[in-house]
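Each chain gets a letter, A, B and so on, in the order its sequence line appears, and its residues count up from 1.
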Amino acid sequence: MRIATWNVNSIRARQPLVVEWLKTTEPDVLCLQETKVVDDDFPTEDLQRLGYAVEMAGQKTYNGVAIASRLPMSDVSVGLHDDDEDAEKRFIAATIDGVRVMTAYVPNGKSVDSPDFPRKLAWLARLRQTLDQGATAEGDVLLCGDFNVAPEARDVHDPKRLEGQILFHPDERAALAKVLDFGLVDAFRIHEEAPKHYSWWDYRGPMLRRNLGLRIDFIFLTKSLAARSGRCWIDKDVRGQNKPSDHAPVIVDLE
DNA sequence: ATGGTAGGATTCCTA
């Protein structure tokens, strides 16, 4: 089973690129973040034409997540365990071929001195609680998405300058580590130790051209799935195509 | 010394 995650930064703006990418990459499952659209305006038919059903949790203008799958989906669940009715749409889960697939769009936090920063930390703590309440580390659980945190120095292009800034602050690294303490491993790091692999490059300036990015998009696996993981890679090429998202897809093959 | 671009809804917010 091939599973991918991609922050598309608007599914409507990215629709041609996503369709072409699905045709060439042929994942069984594509988890999407920042769809930025209400469910009625999601380009569902364009994905159905390629054989994918879509489960979504959308909202106007911001956020929005979805799971597109060409294998049957069951037990769809939207939101964190204690989300209010009007909570931002940042989390959706479904069971696919025995795997509990969860995808998250973690709050960015804006800056470390913003009120959004403690809210980001609290959201990650609530994500851990959602895992504890709805899954077990002994099961086949895959948690993927845009986590807006780079876990290690090798995941950022300038760790000295970026240390303590948003996306690379010790408090958010600790909050992410607590999520992983549920019993998850980073699929990309199973087979790749090297630095300079990133999943996001700012649109502004020469960031992509100089490969000045951050690795903030992940596929996390429980032990049983990690044992089944083949290749895991970041499709950087699609970041350089016409009208790209600022994020690249991350893909894993499970045996 | 704090730029720059992109998307979406409306002269600004978020990333």
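The CG atom of A:N7 sits 16 Å away from the P atom of B:dT14 (whole-angstrom rounding). The CG atom of A:L162 sits 14 Å away from the C1' atom of B:dT2 (whole-angstrom rounding). Straight-line distance from the CE atom of A:M207 to the P atom of B:dA15: 18 Å, rounded to whole Å. Rounded to whole angstrom, the span from the OH atom of A:Y203 across to the C1' atom of B:dA6 amounts to 5 Å. The interatomic distance linking A:D246 (CG) with B:dG4 (P) rounds to 18 Å, in whole Å. Look at OH on A:Y105: it is 6 Å from C1' on B:dA15, rounded to the nearest Å. Look at CG on A:D41: it is 13 Å from C1' on B:dG8, rounded to the nearest Å. Between the P atom of B:dA6 and the CD atom of A:Q15 lies a distance of 20 Å, rounded to the nearest Å.
If you take atom C1' in B:dG4 and the same atom in B:dT14, they sit 16 Å apart, rounded to whole Å. B:dA6 and B:dT10 have their P atoms separated by 22 Å, with the value rounded to a whole Å. Between the P atoms of B:dG3 and B:dC13, the separation comes to 15 Å (whole Å). Comparing the P positions of B:dA9 and B:dA15 gives a spacing of 15 Å, expressed to the nearest Å.
Map A:T61 and A:D116 each onto its nearest nucleotide of DNA chain B; the residue landing nearer the 5' end is A:T61.
Defined by atom type and a distance below 3.5 Å, a donor-acceptor pair is present between the side-chain atoms of A:N211 and A:W201. In summary, the side chains of A:T5 and A:Q33 do present a donor paired with an acceptor at a separation below 3.5 Å, with no hydrogens or angles considered.
In this structure, of B:dG7, B:dA9, B:dA15, it is B:dA9 that holds the atom nearest to the side chain of A:R12.
Classification of A:D140 and A:R100 as a salt-bridged pair fails, no side-chain N sitting under 4.0 Å from a carboxylate O. A salt bridge between A:D46 and A:R49 is present, with a side-chain N of the basic residue lying under 4.0 Å from a carboxylate O of the acidic one. A:R189 and A:D155 are joined by a salt bridge, as a carboxylate oxygen and a charged side-chain nitrogen come within less than 4.0 angstrom of each other.
Distances shown here put every side-chain N or O of A:K60 at or beyond 4.0 Å from the OP1 or OP2 atom of B:dG8. Listed pair A:R14 / B:dA6 fails the phosphate criterion, with no side-chain N or O lying under 4.0 Å from OP1 or OP2. Note on A:K36: every side-chain N or O is 4.0 Å or more away from OP1 and OP2 of B:dA6.
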